[in-house]
Amino acid sequence: MKTFKPEMTLDLAIEHLNHIEGETVRKVTPIEMGELSKVFSYRKGDADYVIHFKSNRESLDKQLYIYNKYGAPSLPIPRIHKIGEFGDIHYSISDKVSGTPISALEPEQIRNLIPSLVHHFILINQVSVGDSGEGFGWITPEGKASHRSWPDCLESFFDQEQEGFHHGWKSLYESSFLEQDFFEEVYDTMLGLAQYSPQERYLVHGDFHLGNMLGEDPFVTGIVDWEMAMYGDFMLDVAVLHIWHPMLEFPQRLLQAMTERGVEIPYFEERLLCHQLFKTLDALRFYAKKDDANSYQFIKNRIMSLIDS
């Protein structure tokens with residue numbers, strides 16, 4: 001199975017940290033999160049921090065923009081103190097948020113956090129993005145987005161000539177177990193459903209699952225890893241959480257909370273299905289590139305259950 005994280009042992013992370021901080025740090029501990037970065041927590045003085053090591057800098061600059069623009073006491077985005085590079089590796093240093101990754105908690109503890117999770121999702125949903133220009137899709141480190149509509153953005157994710165990680169991805173039809181007929185049939189269904197998306201823009205986390213949230217019963221204390229943030233349809237975040245944690249019944253709980261506030265979510269089911277198909281298609285492509293057959297089959301089964309339901 002392939003990995004796309006930078007090479008970084010614990011000993012090497014400690015060596016880099018001592019150089020970056022200009023002093024000896026303590027309690028350096030790996031944090032297993034993300035597919036493209038190596039993450040460690042550590043203590044300096046009387047405070048705890050987190051460092052992300054990555055092979056490129058752009059997503060780190062983007063997260064700094066997100067924190068500066070939208071971080072607030074009511075929106076628990078960890079403060080970013082520093083971004084830099086050491087040799088050929090890039091890094092960011094942020095506060096370590098109190099609490100435990102929600103994905104590591106016991107089921108009963110997770111259930112107790114659901115009202116706080118719904119509350120924080122609604123806070124993100126209410127963030128005003130009107131002064132951030134126009135456009136949908138990836139938020140650049142300058143706070144811009146390049147697509148005219150949300151369906152255009154979703155379609156661009158599967159552009160064969162896109163730059164970066166998925167450039168030339170259709171070669172996977174020949175070099176991996178990615179199944180072209182199945183992929184393209186689901187892709188056409190997803191694009192058809194994308195037409196139900198709203199014209200309004202919302203702040204979208206992009207990777208909204210329990211591994212990117214921290215909590216202390218009964219409150220969510222932090223929402224981290226904003227490198228996939230976008231301007232677009234907030235139902236993408238609802239879909240991501242529901243794909244990976246269906247037992248939470250988050251879509252139904254959100255819909256109930258919004259209804260109680262007198263807020264209607266038009267075409268709720270169509271948008272939820274659209275974005276579940278979008279994220280699972282992206283996962284199929286990723287796991288094919290990673291040569292992870294078990295995860296690929298798990299996601300394929302999930303897609304088939306969505307289409308058949």
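Bear in mind that the values here come from a model prediction, so they are computed numbers and not experimental data.
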Output the distance between atom [atom1] ([X]) and atom [atom2] ([Y]), rounded to the nearest 0.5 Å.
X    : Y    : atom1 : atom2 : value
D225 : I77  : CG    : CD1   : 11.5 Å
I51  : S92  : CD1   : OG    : 7.5 Å
H209 : I102 : NE2   : CD1   : 11.5 Å
S149 : F136 : OG    : CZ    : 7.0 Å
L277 : L306 : CG    : CG    : 6.0 Å
E184 : T189 : CD    : OG1   : 12.0 Å

Under the side chain to side chain contact (heavy atoms under 4.5 Å, CB included) rule, what do I110 and L248 come out as? Steps first, then yes or no, please. CA-CA 8 Å; I110 295 175; L248 300 183; 3.5 Å; yes
Please determine, by modelled atom types, if [X] and [Y] share a side-chain donor-acceptor pair under 3.5 angstrom.
X    : Y    : value
S132 : R201 : yes
H205 : N212 : no
K54  : S59  : yes
Y296 : E179 : yes
S55  : H90  : no

Could you tell me which non-hydrogen atom of [X] sits nearest to which non-hydrogen atom of [Y], and how far apart they are?
X    : Y    : value
P101 : L214 : N-CD2, 4.0 Å
T221 : G215 : OG1-N, 3.6 Å
G211 : S103 : CA-OG, 3.6 Å
F40  : T9   : CZ-O, 4.2 Å
L113 : L105 : CD1-CD1, 3.4 Å
C274 : M190 : O-CG, 3.4 Å

So do [Y] and [X] actually touch side chain to side chain, heavy atoms under 4.5 Å?
X    : Y    : answer
H275 : S197 : yes
I20  : I93  : yes
Y49  : V25  : no
F121 : V238 : yes

Candidate pair L254 and I122, rule side chain to side chain contact (heavy atoms under 4.5 Å, CB included), full reasoning: CA-CA 8 Å; L254 174 66; I122 292 174; 4.0 Å; yes
Donor-acceptor pair, [X] side chain versus [Y] backbone, under 3.5 Å?
X    : Y    : result
R261 : A257 : yes
S176 : K289 : no
K38  : M8   : yes
Q63  : W226 : yes
T29  : K27  : yes
Q109 : E106 : yes
R271 : L236 : no

Step through it carefully: locate the ring centre of [X], locate the ring centre of [Y], and say whether they are under 6.0 Å apart.
X    : Y    : result
F278 : F157 : yes
Y202 : F234 : yes
F86  : Y91  : no

Please evaluate residues I303 and F182 with respect to the criterion side chain to side chain contact (heavy atoms under 4.5 Å, CB included), reporting the C-alpha separation (whole Å), side-chain torsions for both, the decisive distance (0.1 Å), and the verdict. CA-CA 10 Å; I303 291 174; F182 178 78; 3.7 Å; yes
As a quick check of understanding, evaluate side chain to side chain contact (heavy atoms under 4.5 Å, CB included) for Q297 and Y287, giving each step before the final call. CA-CA 9 Å; Q297 188 60 48; Y287 289 128; over 6 Å; no
Pair D237-K279, salt bridge (Lys or Arg N to Asp or Glu O under 4.0 Å): steps then yes or no: CA-CA 10 Å; D237 284 343; K279 288 302 294 187; over 6 Å; no
Are L203 and Y67 co-members of a hydrophobic cluster defined by side-chain heavy atoms under 4.5 Å apart? yes
Verify the cluster assignment for I66 and M228: are they in a single hydrophobic cluster under the rule of side-chain heavy atoms below 4.5 Å apart? no
Side chain to side chain donor-acceptor pair (under 3.5 Å) between S156 and H147, intermediate numbers included: CA-CA 9 Å; S156 75; H147 296 285; 3.1 Å; yes
Might you confirm whether atom OH of Y70 has over 12 heavy atoms from other residues, nucleotides or ligands at distances under 6.0 Å? yes
Any idea how W244 and F298 line up, ring-wise: parallel (<30°), tilted (30 to 60°), or perpendicular (>60°)? parallel
Keeping to residues at least two apart or across chains, list the side-chain hydrogen bond (donor to acceptor under 3.5 Å, both in side chains) pairs with something in [range].
range            : result
residues 159-169 : none
residues 247-258 : Q256-E260
residues 12-24   : E21-Y42, E21-K44

Can you list the residues that meet the side chain to side chain contact (heavy atoms under 4.5 Å, CB included) rule with L255, with sequence neighbours excluded? T259, I265, F268
Partners passing side chain to side chain contact (heavy atoms under 4.5 Å, CB included) against R148 (at least two apart in sequence or in another chain): D152
Is any side-chain N of the basic residue among D48 and R43 closer than 4.0 Å to the acidic one's carboxylate O? yes
Passing candidate, side-chain contact (heavy atoms from CB on, under 4.5 Å) with I80, options D95, N68, L64: L64
The side-chain hydrogen bond (donor to acceptor under 3.5 Å, both in side chains) partners of D217 (sequence neighbours excluded) come to N112
